[in-house]
Amino acid sequence: MTWEDDDFAPESAHRHHTRPTRPTYIPPHLRTINPHYTSPPQHSRSPYFPEPTPFRRPPLLNPSGSSSSRRGGRWRRGGGAPRGTDAPRRSPAPRFLPPKHYPYDDLSEKLDELKVVEEDAVDGASSKGNAINFEAYDDIPVEASGENVPEAVESFGEIELSEGLKENIRRCKYAKPTPIQKHAIPIAVAGRDLMACAQTGSGKTAAFCFPIISGILKNENWVKVAGSGRRGGTRVAYPSALILAPTRELSCQIYEEARKFGYNTGVKIVVVYGGAPIVQQFRNLEKGVDLLVATPGRLVDMIERAKVSLSMIRYLAIDEADQMLDMGFEPQIRKIVQQNGMPPAGKRQTMLFSATFPDEIQRLASDFLSDYIFLTVGRVGSSTDLIAQRIELVQDIDKRNHLKNILRAQRDNEPFGKSSLTLIFVETKRGADSLKHWLSTSGFAAVAIHGDKVQMEREQALKAFKRGATPILVATDVASRGLDIPHVSHVINFDLPKDIDSYVHRIGRTGRAGRSGLATAFFSDKNMPLAKALAELMKESNQDVPSWLSQYAERSFNDVGQGRRYGGSKFGAHDFRNDSYIGNGNSDYSSAYYGGDSMVDSHSSPTRVGYVSPTFGVRADFYGPASHGTGFGQEPVVAGGWE
Ligand SMILES: Nc1ncnc2c1ncn2[C@@H]1O[C@H](COP(=O)(O)OP(=O)(O)OP(=O)(O)O)[C@@H](O)[C@H]1O
């Protein structure tokens with residue numbers, strides 16, 4: 001079984017992480033409400049990103065369990081277990097009580113906020129365009145380390161991209177680069193290897209596609225040699241660029257995006273992924289391919305059948321790179337990158353992207369890179385501040401009713417006839433089918449997607465969801481990464497994942513590209529070990545942490561230690577190379593800037609000073625037609641919303 005065929009159940013390789021001390025980054029739109037933030041705001045808060053309304057409902061636990069989200073940041077080691085009746089009575093334990101009263105009014109408030117955001121025009125931009133709200137932040141933490149880091153740019157015009165690509169960027173209505181694009185594209189265009197981290201929905205796909213497509217176009221002679229040829233009677237594809245992604249759906253999405261960017265340029269783009277008829281994919285390859293997008297399992301299959309050769313690869317991009325190198329899939333990636341004739345690091349250009357990048361994975365990944373630059377835009381492993389997060393204490397037995405009530409409240413609150421989309425994550429494939437069935441019989445049109453579904457079913461489910469025909473999608477983690485579905489306004493973690501990175505990616509299916517989003521999680525006693533990481537993440541994202549969660553966080557830390565399996569903080573991940581350099585006198589690495597305060601490590605010299613300014617926010621267009629349609633003779637793309 002290949003890994004794109006399976007759901008992701010991160011049972012292994014969870015490791016210990018330490019969290020560097022950094023001043024808390026407060027986005028401008030929240031600064032006025034943070035009592036600890038001293039610098040004055042640089043500009044008035046954007047009307048399009050209103051302050052999250054604090055959730056006023058008291059937590060569903062006994063009143064003795066009070067703690068402040070702002071005060072709950074100190075974790076003590078040691079101590080006894082709170083679970084079960086044998087727990088030592090050191091302090092009053094927060095008790096799970098069945099929810100008596102659901103905070104639906106809060107939910108309505110949040111959804112109201114979202115609607116305001118969605119309805120307002122941004123800078124007079126067309127509701128159909130990909131208008132970016134550049135006032136969403138005026139600064140964002142950026143860290144770039146490595147030697148001779150190329151300068152960031154403020155506009156696409158400043159970057160040496162091929163003309164055909166620039167034309168397509170205009171067609172896509174990408175008026176300005178997003179922060180990750182401002183930094184990553186110049187680095188990549190300069191031919192440097194790159195390990196890049198940026199928050200979910202912040203435009204990483206274009207950040208690796210643009211340099212690759214431009215590079216292919218600039219090296220047309222190379223392209224002529226690549227493409228396809230014959231070996232021993234069979235036709236072999238010789239792509240010059242390879243993009244690897246973990247799931248079939250994400251591969252297809254990247255392919256569609258790349259096709260938009262490569263439109264009318266002559267760059268041949270092909271996708272291969274498991275579950276779809278291989279013969280058709282052979283045929284596509286035989287027509288020649290410059291840029292191949294692939295899932296690892298199907299690609300290995302193609303290589304073994306001598307349908308693809310990697311010997312001409314010049315550009316390699318791995319999306320969701322941390323996941324691609326975690327969970328036992330590393331051998332498959334090594335096989336592709338190191339054992340099948342691909343030019344070695346240094347002879348090819350390698351770019352790794354993700355929103356989360358733990359040190360251990362960085363260490364593994366560095367095998368594939370040469371003299372690379374480590375770039376983080378936004379806090380690594382952090383969720384975007386555009387997502388309002390709610391954590392509710394709900395026991396397993398109560399979850400379905402609780403969900404039904406939330407969905408009902410949401411539906412009652414829909415003013416436009418067409419519902420916004422709700423993505424519900426569950427733990428197991430069977431759980432997904434069962435919940436989908438129950439929702440359908442309870443009057444909520446739902447579809448399910450998971451690794452046991454045949455590809456056709458997966459595609460149909462996703463399509464129905466995107467169109468809004470079935471506005472609820474119940475999914476396992478197979479849908480947690482990368483998928484860009486613009487109208488997802490609410491992500492519900494019916495079952496919380498076991499590690500915090502999965503949570504970050506799951507909730508990142510909303511609040512994308514500058515839009516606001518809402519993420520609700522049902523926290524049951526099973527999730528106790530995730531409490532600490534969850535509370536920290538919420539604090540990092542300027543969310544109000546329920547006092548009961550802060551209490552659990554302290555307890556789970558004491559009981560479970562920092563086991564990575566259940567979270568283990570990865571926040572503030574940084575170039576792991578700095579760890580080894582600190583103290584040995586090497587000063588080549590590291591610069592880090594958070595909000596207004598530069599934090600230059602005394603052991604290192606800065607390679608870049610300043611903020612990304614301005615940054616990024618797309619005018620949300622909930623109920624409009626496809627906002628990503630290219631309008632130049634292509635099928636609507638995957639990211640097209642209501643197709
Ligand atoms: N410069 C830009 N201007 C306008 N829209 C953009 C720009 N760059 C990207 N987008 C849009 O932003 C959305 C999110 O981009 P993308 O899917 O690449 O995010 P991501 O960072 O890869 O997210 P994830 O971490 O979830 O994979 C897409 O709909 C994309 O079309």
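As the structure lists them, so they are numbered: ligands from 1, and atoms in each ligand from 1.
- E158 CD: more than 12 foreign heavy atoms inside a 6.0 Å radius.
- Among the atoms of E320, some N or O lies under 3.5 angstrom from an N or O of ligand 1.
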Next on the checklist: Could you walk me through whether S502 and D477 satisfy the side-chain contact (heavy atoms from CB on, under 4.5 Å) test, starting with their C-alpha distance in whole Å, then the side-chain angles of each, then the deciding distance to 0.1 Å, before giving a yes or no?
Outcome noted: CA-CA 8 Å; S502 298; D477 264 335; 4.1 Å; yes
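- Residue contact check: S202 has heavy atoms under 4.0 Å from atoms 19 (O), 20 (P), 21 (O) of ligand 1.
- Residue-ligand proximity, Q199 to ligand 1, at heavy-atom distances under 4.0 Å covers atoms 21 (O).
- In terms of N/O distances under 3.5 Å, ligand 1 is approached by K176.
- T510 and H490 share no side-chain donor-acceptor pair at under 3.5 Å.
- Polar contact with ligand 1: absent for A198 (N/O pair, distance under 3.5 Å).
- Near T178, with a cut-off below 4.0 Å to any heavy atom, the atoms of ligand 1 are 1 (N), 2 (C), 7 (C), 8 (N).
- The shortest N/O to N/O separation between Y174 and ligand 1 falls below 3.5 Å.
- Note on ring orientation: taking the six-membered ring where Trp is involved, the planes of F210 and F156 are perpendicular (angle over 60°, cut-offs 30° and 60°).
- For the pair R259 and E256, the salt-bridge criterion is met [side-chain N within less than 4.0 Å of a carboxylate O].
- Not a single N or O atom of D319, backbone or side chain, sits closer than 3.5 Å to an N or O atom of ligand 1.
- Of all atoms in ligand 1, numbered sequentially from 1 with element shown, those under 4.0 Å from a heavy atom of R512 are 14 (C), 16 (P), 17 (O), 19 (O), 20 (P), 23 (O), 24 (P), 26 (O).
- Partners of F425 under the ring pair (Phe, Tyr, Trp, His ring centres under 6.0 Å) rule, at least two apart in sequence or in another chain, do not exist in this structure.
- When only interatomic distances are considered, the shortest N/O to N/O separation between G201 and ligand 1 falls below 3.5 Å.
- Taking the six-membered ring where the residue is Trp, the centroids of F357 and F374 are separated by 6.0 Å or more.
- Counting heavy atoms only, G482 comes closest to atom 27 (O) of ligand 1 of the residues P177, G482, G511, S480.
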Checklist entry - Where do Y273 and Y255 land on the ring-ring contact (aromatic ring centres under 6.0 Å, His included) test, with the steps shown first? => result CA-CA 11 Å; Y273 56 97; Y255 164 71; 8.7 Å; no
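- Comment: R481 engages D322 in a salt bridge, judged by a side-chain N to carboxylate O separation of less than 4.0 angstrom.
- Atoms of ligand 1 found under 4.0 Å from any heavy atom of A513, numbered from 1 in the order shown, are 12 (O), 13 (C).
- If you look at T205 next to ligand 1, the close heavy atoms, those under 4.0 Å, come from the backbone and the side chain alike.
- Within ligand 1, counting atoms from 1 as listed, the ones closer than 4.0 Å to a heavy atom of R509 are 26 (O).
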